[in-house]
Structure formats: C-alpha cells, structure tokens
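Presented below is the structure to which this report refers.
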Amino acid sequence: MKIKLIIWVALCMATMGVYAQNNYSFNGLDMNMGNLSRLSDAKTRSISPENYTGEKGKGGMADPINDKDKRNVANAHHAAKDLGKGWKVNPFIIVKPGETMTIAEIEGPGAIQQIWMTPTGNWRFSIIRMYWDDEKEPSVECPVGDFFCSAYNEYAQLSSLAVCVNPGSAFNCYWKMPFRKKARITLENINTAEEMRLYYQINYTLTDVPEDEAYFHAQFRRSNPTKGSLHTLIDGVKGKGQYVGTYLAWRVNDNCWWGEGEIKFYMDGDKEYPTICGTGAEDYFCGSYNFENPKTRQYQEFTTPYAGMHQVIRPDGLYRAVTAFGLYRWHILDPIRFDKDLKVTIQDLGWRHDGRYNNQKSDISSTSFWYQTEPHVKFPTLPSKDDLEIPRW
C-alpha cells in the first residue's frame with residue numbers, strides 16, 4: 001500500500017510539473033507593461049556578431065589567439081589578445097564594398113521583437129532586406145537609414161514606440177516581425193569605395209505564432225522630382241492586412257510652405273477616389289499650421305510616440321541650398337485595414353502668392369510599413385546607387 005501511494009504521489013508530481021511547464025496560455029508576444037509578469041514557454045534568443053546563430057550557450061566563443069574558426073571570427077582580436085575568450089573579441093562585422101552578408105537566419109516559429117544597429121558609412125548605401133519563411137523575394141527592402149527614419153546620414157534624435165534613434169548613430173526598431181518557418185535578414189553594402197563596420201543585435205523569441213498573425217513588410221520609394229506633383233508610397237499591394245506606418249524624407253525645391261498635399265489611401269477596389277483622404281501633410285503627421293513655432297517663426301522639430309517631425313535640415317548659405325525634413329507617422333492605435341488591395345499616395349502642394357496651390361516638384365523619399373498575408377507582390381526595382389544618393393559636400 002505504501003509503495004502504491006509513493007508511486008501515485010510521484011505520478012501526480014510529474015503530471016503537475018508537465019502541466020506547469022506546458023499549460024501557459026500566454027505565448028510571449030505582444031509585450032506591454034500590463035503583461036510583463038505573465039509566464040510563458042517562449043524562449044528568448046539574440047543574434048549578434050558574438051553569436052551569429054543565436055544558439056543557446058554559443059555566445060562569446062571567438063578566440064583572439066586562434067583566429068581560424070570562420071563561425072567565430074575575431075575582428076577585435078588585437079584589443080582582446082591579453083584577455084582571451086569571452087572578452088569582447090568579435091563585437092562587430094565588416095561588410096566590404098559590394099558585399100551582401102546574412103546577419104540573421106532563424107528557424108521558427110517565433111518573432112523578432114527588437115533590432116539595434118549602428119552602421120558606419122553612408123546610410124543610403126546600406127540595404128536591409130528581410131525574408132519570411134521560404135520567400136525568394138524580400139518582404140522588406142530599404143536603405144538602412146530610411147528604415148530607421150534617418151535618410152540624410154545625419155543624427156537626429158527620434159523617440160517613438162516603433163523606432164528610436166539615439167546618440168550617436170544608434171538605430172532601434174520595435175516592430176513585431178512574426179515568422180512560422182524561418183526568418184532571414186541580409187545587409188548589402190552598395191558603396192563601391194568604403195567598407196561598412198556594423199555593430200548589431202537582433203532580439204527574438206521562439207514561440208507559437210497564431211494563425212491571425214500577418215507578416216511585416218517595408219518598402220522604399222523615391223520621386224526626385226515628383227511627377228504631376230504626386231508621390232506614390234506603395235501600389236499594387238494584394239492580400240489582407242493593415243498599413244501601420246510612414247516615414248518621409250522631403251526635400252523642398254521652392255521658397256514657400258510645402259505641405260498642403262493630401263495623403264490618400266485607396267483600398268479594396270478604389271479607383272479614382274480613395275476611401276481615406278487626409279487634409280494636408282502636416283495634419284497627417286499630427287501637426288498643424290506649417291509646423292511653425294509662433295514665437296521663433298521657425299520650423300519646430302518634435303518627436304512623440306506616434307508621430308513627429310524629428311529632423312529639419314536648414315540651408316546654410318553655401319552648399320545646403322534647400323530645406324529638408326524627416327517625418328514619421330505610426331498607425332499603431334489606428335491601423336489602416338484592407339481586405340484585398342492597397343495603394344497610398346501623397347500630393348506635393350504648396351502656396352502661390354495669390355492664394356492658389358503651387359504644384360511643386362519636390363524630392364520625396366518614403367518608407368511604408370505594413371502587415372499582410374503572404375504571398376506579396378514583388379516590389380519595384382530599388383533605385384540605383386546614384387539615384388538613391390542625396391548629394392552632400
């Protein structure tokens with residue numbers, strides 16, 4: 001009887017252990033202050049140059065003395081030679097001119113939850129691409145500067161929920177990027193004259209991904225100048241999803257207020273007229289009356305969780321001949337939902353002296369962020385290196 005009781009207790013304890021380990025209802029996604037205390041079976045992993053694969057117990061293995069292991073390159077071997085393994089032996093990678101490197105390859109299911117990086121060189125000449133599951137075409141294709149709202153290769157602080165840019169060139173994003181089979185991220189250096197040094201960290205979780213999770217997308221486009229005073233942000237998107245964000249790098253070629261144009265969302269069969277039509281550029285970016293500070297009579301930079309104009313580059317009387325702006329708008333609490341298709345445009349309008357609109361020819365670059373079901377329509381060909389460049393002295 002005693003033996004049976006002992007066996008019964010042991011079985012109960014084992015069952016309770018399995019139950020405790022595998023019965024958490026929270027999957028570790030959609031983190032916020034309200035659920036930080038919730039337990040889950042999700043596994044936290046991180047990829048960096050110190051652990052290329054993110055595998056458990058595989059970080060900091062590079063050897064500064066025996067630098068022959070290709071999986072554990074020792075780029076900082078000289079700095080670490082007196083200390084040995086585990087002492088910041090390989091904190092960065094070098095991407096040579098014309099080279100494309102895979103900076104993350106993850107077996108799913110799971111989701112990327114945060115990315116930090118600090119690339120050197122011209123941020124327009126580094127192209128980030130992301131592929132979900134077994135895609136041949138990228139779901140994200142964008143210059144790294146524009147992806148992190150920094151098109152002009154100059155630091156400007158940005159503090160928002162989705163993207164943060166911190167001193168001195170620290171790019172961060174918090175977009176949730178779910179995948180079911182695989183995630184792959186590459187970085188291409190299209191600069192033919194300069195190598196890029198890249199420090200980076202990609203933080204992700206391995207966990208179950210619900211059926212209703214769509215895939216993250218980001219696409220870059222540039223109109224230089226706009227044709228017909230119109231810039232198209234995205235077109236031909238097919239599938240079900242939601243548009244969640246816009247970054248614009250807008251260089252103005254006229255001496256006037258430039259932001260009268262309306263943004264328009266054509267969805268689910270809209271042709272001539274859109275379903276959603278804004279009232280002006282500064283209105284869409286949650287500002288008003290030209291972003292002008294009435295006391296200083298100057299443009300006023302601002303950065304908030306959901307929208308901002310975090311960067312204004314002013315003419316200097318020499319080589320900087322035009323004013324340039326960096327603006328972002330995140331549709332985090334108000335996503336633009338579509339069932340079948342989506343097209344987004346913005347007008348390029350200012351004022352004439354007699355109160356009529358001025359149909360401008362600005363230089364507008366955009367990065368659009370959205371989630372959708374796969375497969376997605378192949379993106380337009382990315383502009384050439386010369387057509388991506390914003391010339392500067």
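Treat the numbers as computed from the prediction; the structure is a model and nothing was measured. Just the heavy atoms: all of them, side chains too, but no hydrogens, waters or symmetry mates, feed the values below.
For the residue pair T367 / D146, no side-chain donor-acceptor distance below 3.5 Å is found, with atom types taken as modelled. A donor-acceptor pair shorter than 3.5 Å cannot be found between the side chains of S159 and T303. Remark: the Q201 side chain and the S46 side chain contain an N/O donor-acceptor pair separated by less than 3.5 Å. In the model, E135 has a side-chain atom that pairs as donor or acceptor with a side-chain atom of H376 under 3.5 Å.
Here the OH atom belonging to Y174 is positioned 14.5 Å from the CD1 atom belonging to I112, to the nearest 0.5 angstrom. If you take OG1 on T345 and CG on L230, they are separated by 5.0 Å, rounding to the nearest 0.5 Å. To the nearest 0.5 Å, atoms CD (Q311) and CD (Q157) are separated by 12.0 Å.
Side-chain N or O atoms of N172 include none that pairs as donor or acceptor with a backbone N or O of W116 at under 3.5 Å. Panel note: side chain Q113, backbone N203; no donor-acceptor pair is recorded below 3.5 Å. The backbone N or O of V144 lies less than 3.5 Å from no partner atom in the side chain of S126, so there is not a single donor-acceptor pair. Put simply, the side chain of R129 never gets that close to the backbone of E188: no donor and acceptor are under 3.5 Å apart. In this structure, T120 contributes its side chain and R197 its backbone to a donor-acceptor pair below 3.5 Å.
Using a cut-off of 4.0 Å between Lys/Arg side-chain N and Asp/Glu carboxylate O, E301 and R314 are scored as salt-bridged. Between K182 and D134, no side-chain nitrogen of the basic residue sits less than 4.0 Å from a carboxylate oxygen of the acidic one, so the salt-bridge criterion is not met. Taking 4.0 Å as the cut-off between side-chain N and carboxylate O, R352 and D354 do not count as a salt-bridged pair.
For the side-chain contact (heavy atoms from CB on, under 4.5 Å) test, residues two or more places apart in sequence or in another chain that qualify with N122 are R124, F125, N153. In this structure, Y131 has no ring-ring contact (aromatic ring centres under 6.0 Å, His included) partners at least two apart in sequence or on a different chain. Partners of F26 by ring-ring contact (aromatic ring centres under 6.0 Å, His included), not counting sequence neighbours: none found. For the ring-ring contact (aromatic ring centres under 6.0 Å, His included) test, residues two or more places apart in sequence or in another chain that qualify with Y199 are F92. Contacts of F171 classified as ring-ring contact (aromatic ring centres under 6.0 Å, His included), with partners at least two apart in sequence or in another chain: W123, F148.
The ring-ring contact (aromatic ring centres under 6.0 Å, His included) test with Y299 is passed by exactly one of F291, W250, F325: F325. Considering Y328, Y152, F302 in turn, Y328 is the only one that fulfils the ring-ring contact (aromatic ring centres under 6.0 Å, His included) rule with H310. The ring-ring contact (aromatic ring centres under 6.0 Å, His included) test with W330 is passed by exactly one of F369, Y243, Y247, Y306: F369.
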Check the pair L187 / I93 against side-chain contact (heavy atoms from CB on, under 4.5 Å), numbers first and verdict last. CA-CA 11 Å; L187 202 66; I93 61 172; over 6 Å; no

For the pair Y52 and E105, evaluate side-chain contact (heavy atoms from CB on, under 4.5 Å) and give the outcome as yes or no after the intermediate values. CA-CA 8 Å; Y52 286 121; E105 195 153 10; over 6 Å; no

Please walk me through it: do I128 and M117 pass side-chain contact (heavy atoms from CB on, under 4.5 Å)? CA-CA 11 Å; I128 190 168; M117 64 173 58; 4.2 Å; yes

What verdict does the side-chain contact (heavy atoms from CB on, under 4.5 Å) test give for S368 and V344, after you've listed the backbone C-alpha separation in whole Å, the side-chain angles of each residue and the deciding distance to 0.1 Å? CA-CA 9 Å; S368 299; V344 185; 5.8 Å; no

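Cation-pi geometry between R329 and Y284 is met: the NZ or CZ atom falls under 6.0 Å from the ring centre, inside 45° of the normal.
Within the structure, the salt bridge (Lys or Arg N to Asp or Glu O under 4.0 Å) test picks out the following pairs touching residues 231-258 (sequence neighbours left out): K240-D339, R251-D363.
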